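To start, the structure under review is shown below, and the notes come after it.
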Amino acid sequence: MIAFVSGPVAALAPDTAVVQVGGIGMAVLCTPNTLSGLRVGQEAKLATSLVVREDSLTLYGFADDDERQVFELLQTASGVGPRLAQAMLAVHSPDALRRAVSTGDEKALTAVPGIGKKGAQKLLLELKDRLGEPIGSGTAAVPGPAGPGAAGWREQLHAALVGLGYAAREADEAVSAVAPQAEATVATGAVPQVGQLLRAALQTLNRAR
């Protein structure tokens with residue numbers, strides 16, 4: 001079991017960070033919110049979960065141990081694999097998922113691509129006694145710099161939406177819908193948080209259904 005990886009970030013892609021560990025580049029699949037806190041050349045420490053399949057070894061990375069634990073607990077529900085568990089954490093923070101399950105919030109779960117009404121009902125039943133109650137403020141905290149840069153949020157957000165299964169046209173429309181929010185953040189001198197923009201973009205896509 002690889003509990004974490006620590007070292008300089010060698011490369012970043014829309015869904016992957018490459019962390020140099022002892023001269024080896026470890027490719028780690030991460031959510032947009034986790035990736036937004038990383039910078040090439042800077043030190044990073046990611047909690048990790050290794051998923052073993054007959055034909056592959058895939059390392060998933062998280063901002064902290066809590067996010068990793070929720071990722072692994074989600075997969076104890078029938079029909080939830082690592083990709084869907086990661087998509088759930090791309091849309092909701094760990095505490096937001098705990099809150100959704102503890103309050104029976106179907107709408108929160110159906111906001112995740114790939115989860116329909118029946119699937120959400122089933123997950124609420126299966127996860128009710130597994131995730132527990134919210135333990136924090138319900139906002140995802142990512143260590144390090146807060147975002148992909150003032151100009152880079154569009155590409156990263158678009159790639160994240162396509163990675164979640166939306167068509168390029170839908171992703172374009174969602175990016176345009178949240179652009180005023182991102183530009184307002186840039187105007188204050190801050191850097192847009194891709195995780196927050198992703199949640200806002202998914203809300204616009206759900207309303208358009």
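Here the structure is a predicted model, which is why all the values come from computation and not from measurement.
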*Could you give me the CA-CA distance, side-chain angles and deciding distance for Leu202 and Leu161, then say whether side chain to side chain contact (heavy atoms under 4.5 Å, CB included) is met?*
CA-CA 8 Å; Leu202 288 168; Leu161 289 166; 4.0 Å; yes
Honestly curious: do [X] and [Y] fall in one hydrophobic cluster under the side-chain, below-4.5 Å linking rule?
| X | Y | answer |
| --- | --- | --- |
| Val40 | Leu35 | yes |
| Met26 | Val18 | no |
| Leu50 | Val21 | yes |
| Phe4 | Leu57 | no |

On a heavy-atom basis, which atom in [X] and which in [Y] lie closest, and how many Å separate them?
| X | Y | answer |
| --- | --- | --- |
| Ala77 | Leu123 | CB-CD2, 3.7 Å |
| Leu73 | Arg130 | CD1-O, 3.7 Å |
| Arg98 | Glu133 | CD-O, 3.1 Å |
| Ala17 | Leu12 | CB-CD2, 3.7 Å |
| Tyr60 | Val28 | C-CG1, 3.6 Å |
| Met88 | Leu74 | CE-CD2, 3.7 Å |

Side chain [X], main chain [Y], donor-acceptor under 3.5 Å:
| X | Y | result |
| --- | --- | --- |
| Thr185 | Gln181 | yes |
| Gln86 | Leu29 | yes |
| Glu67 | Ala63 | yes |
| Gln42 | Leu38 | no |
| Thr48 | Ile2 | yes |
| Arg68 | Ala3 | yes |

Does the side chain of [Y] come within less than 4.5 Å of [X]'s, by heavy atoms?
| X | Y | answer |
| --- | --- | --- |
| Pro82 | Thr58 | no |
| Lys122 | Lys118 | no |
| Leu124 | Asp105 | no |
| Val91 | Pro113 | yes |
| Leu84 | Val112 | yes |
| Leu89 | Pro94 | yes |

Measuring from atom [atom1] of [X] to atom [atom2] of [Y], what distance do you get when rounded to the nearest 0.5 angstrom?
| X | Y | atom1 | atom2 | value |
| --- | --- | --- | --- | --- |
| Glu173 | Tyr166 | CD | OH | 12.0 Å |
| Arg99 | Leu131 | CZ | CG | 12.5 Å |
| Leu46 | Asp65 | CG | CG | 11.0 Å |

*side chain to side chain contact (heavy atoms under 4.5 Å, CB included) between Arg154 and His158: does it pass, once the steps are laid out?*
CA-CA 6 Å; Arg154 288 178 181 271; His158 189 277; over 6 Å; no
